[in-house]
Amino acid sequence: MIFLNSKKRLITLLIVLVCGIIIFILGLGTTGLVDETPPLFAAAARSMSESGDWLTPKVNGIFRFDKPPLIYWLMGFFYSLPKNEIWDSFGTLSARLPSALASLFLMLMIGDTLFCWPQKSDSQFLTPIVASLGFALSPLIIIWSRTAVSDALLTGTLGISLLLFWRRMASEKNDQCISAWVFLGFAILVKGPVAFVLALLTITSFLFCQKNWKKLLSKINPKKGFLITILISIPWYILELLKEGKPFWDNFFGYHNFQRYTSVVNNHAEPFWFFLYIMILASLPFTPFLYHGIFKTFEDFYKSSKESCNVTETLYTYSFCWLTSVLIFFSLSATKLPSYWLPAIPAAALLTSNSFISLKKVNKSYSYFWVVNILILFGFSIAFFFSNIWLSSINDPEMPNLASDLISSGIIFKAKLLFSSFTLFAIILFSLKSRNILVYLQILLLIGQSYLMSPIRKLADTSRQLPLRNISKLILDIREGRETLAMIGIRKPSLHYYSRQIVFYEPNTEEGLINLSERLNTDRRENYEDQPDYEYKSLLVVIDEYSARQQQWSKINHKKLGKFGIYNLWRIQKSDLNKYSRLLVKSGYKSDWENRKVEKF
């Protein structure tokens, strides 16, 4: 993929690699899994590794058909490495490495592409570094590349595929276009048909803008390439369909693809313009340069449309088609999440590098955009200096002392110091009319995010996840006779991951109590590592302190076994649970667990 054929190229890629390791890899496994989605991915992958069933993902005794298997296979591979329980005691390094490595490789591909095909006759080796850091320092990339979910892996595989397609079209060699189609197949194995749709929209819109589109299309060899992609991505879908049939079809294609796109799922409804807002956030604090890069791409495309244009000079046009394809496709989706924007961020980083090239000359545009950017940095500084105003509005029931913890841990002070230094440094460089001010600020942000994000992650882990790990240890120590385990109120899949037991999750309502009573008799799950004794006289219940105050739960006879954070561990006799359930049914309440339209785990 990358041939290090020059010393300068090697140095550039080494710089990018070191920066990527600092952002994505350092401290990756030092904190626990973050609820609620990452533990589901991690549990499914660990289950594959330990049970030997690498075909069907399972979590908490049920199928997990929301994503194809590549993310689970990669996590499972790391879980299968020798002594995993020693070098990955939290189980997070194995679960997060696929996301981190995908972003790291894409970061390298962005830098290498701009190095090998410099745009606008730009020979400065800093431009590839600007584009690579523009991608890696996006707030969304920093978060999702260190999270055990599939979004960063989709971004990495799809982004590498799209860059390889453009490289093939821009290349004068007669090489076969194979690797681009291979990575597209991988992307389809990460998130399904959406990867193919985004690639198709990007390439089609780009070819539509090119006069020699037939020649460019022939270079990527779509007939042979499509066959390669099918051979990589389709077999798993066929095998799973043959094995599980309608449940797989309805769940994966029906619910997680078609229904998510055509209707609102899990209350993730947002306005049509939602991703325009996310685009601003995802490029902070250098958002003005993204918009300037888009404007310059429009301007350059208009000029090139009147003249003959070499395809090697079209990377920014291709990036704009890429960004626009993601924007339009997900804006039309009924369900919208910030993570849906991730596949567009590599294109946004490339467009930002277009602005870097265009603003090398100190002129009115240079002054205007840097003044705007300095004001943004100043705004962040002011926000943290007056943090007492907004800290009091923080109300997180899982971290009731968050505001005071942010102050006592020194995080607010560090944020003040970072952004005030950032602003002052930007003003000094601007007054000196530095042409490489963007690079210097990116380097400062690279250092600053490590300085700030590490204590934030540790605080969040200590406040939110440590109590769940501790209560899981207690459960393993005091469990009697393979008791069943339930969690009431706040639902945390990490309880299943760390306790390695089947967990019945129910709300703290009257219906939730009836549901639990019924499910212990009819929804009898088990898996390779836990076979609960559903006839045993008692069960263990993890219940948060807010739910424990609810009348229907507080009145049940229970034995308090321990408390960690906001979570209590009770032992309840099944006879008492069933008795109170019957009373609620007589009062007119009904179970609803069979008809719930929520994510099941």
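Being a predicted model, the structure only gives us computed values, none of them experimental.
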Inset, instruction - Would you kindly say whether Ser80 and Ser49 are connected by a side-chain donor-acceptor distance under 3.5 Å? - result: yes
Legend entry - Salt bridge Asp53-Lys243, side-chain N to carboxylate O under 4.0 Å: yes
Inset, instruction - Verify salt bridge (charged side-chain N to carboxylate O under 4.0 Å, His left out) between Lys191 and Asp151, making sure each step is shown before the conclusion. - result: CA-CA 8 Å; Lys191 274 232 173 179; Asp151 299 276; 2.9 Å; yes
Inset, instruction - Write down the atom of Ala282, the atom of Trp341, and the distance for their closest heavy-atom approach. - result: CB-CD1, 3.7 Å
Legend entry - Over all atoms of both residues, closest heavy-atom pair of Ala195 and Leu154: CB-CD1, 3.9 Å
Legend entry - side chain to side chain donor-acceptor pair (under 3.5 Å) partner of Trp166, the single match among Thr317, Thr314, Thr202, Thr312: Thr314
Legend entry - Which atom of Val190 lies closest to which atom of Ser150, heavy atoms considered: CG1-O, 3.5 Å
Legend entry - salt_bridge(Asp35, Arg491) N-O dist < 4.0 Å: no
Inset, instruction - Could you pull out all residues at least two apart from Lys173 that satisfy side-chain hydrogen bond (donor to acceptor under 3.5 Å, both in side chains)? - result: none
Inset, instruction - Any chance you could lay out the ring-ring contact (aromatic ring centres under 6.0 Å, His included) test for Phe41 and Tyr72, step after step, and finish with the verdict? - result: CA-CA 7 Å; Phe41 279 90; Tyr72 306 121; 5.6 Å; yes
Inset, instruction - Measure across Tyr497 and Ala42 and return the closest heavy-atom pair with its distance rounded to 0.1 Å. - result: CE1-CB, 3.7 Å
Legend entry - For the student: nearest non-hydrogen atoms of Phe275 and Leu337, plus distance: CE2-O, 3.3 Å
Inset, instruction - Check whether any side-chain N or O of Gln442 sits under 3.5 Å from a backbone N or O of Val130 as a donor-acceptor pair, and report yes or no. - result: yes
Legend entry - Exercise: identify the closest heavy-atom pair between Met107 and Gly20: SD-CA, 3.5 Å
Inset, instruction - Let me see the working for Ser103 and Phe135 under side-chain contact (heavy atoms from CB on, under 4.5 Å), right down to the final yes or no. - result: CA-CA 9 Å; Ser103 294; Phe135 164 73; 4.3 Å; yes
Legend entry - Sidechain N-carboxylate O distance under 4.0 Å for Arg168, Asp175: no
Legend entry - Nearest-0.5 Å distance, CZ of residue Phe320 to OG of residue Ser205: 9.0 Å
Inset, instruction - Could you verify whether a donor N or O on one side chain and an acceptor N or O on the other, from Arg96 and Thr147, lie under 3.5 Å apart? - result: no
Inset, instruction - Evaluate the side-chain proximity of Leu284 to Phe380: yes if any heavy-atom separation is below 4.5 Å, no if none is. - result: yes
Legend entry - Flag for Thr56-Glu240: side-chain donor and acceptor within less than 3.5 Å: yes
Legend entry - salt bridge (charged side-chain N to carboxylate O under 4.0 Å, His left out) evaluation trace for Arg469 with Asp461: CA-CA 10 Å; Arg469 294 199 297 274; Asp461 181 65; 2.9 Å; yes
Legend entry - Stepwise ring-ring contact (aromatic ring centres under 6.0 Å, His included) test for Phe183 and Phe186: CA-CA 5 Å; Phe183 275 94; Phe186 291 158; 5.7 Å; yes
Legend entry - Presence of salt bridge, Lys219 and Glu172, under 4.0 angstrom: no
Inset, instruction - Verify, without hydrogens or angle tests, whether Asp88 (side chain) and Gly91 (backbone) share a donor-acceptor contact under 3.5 angstrom. - result: yes
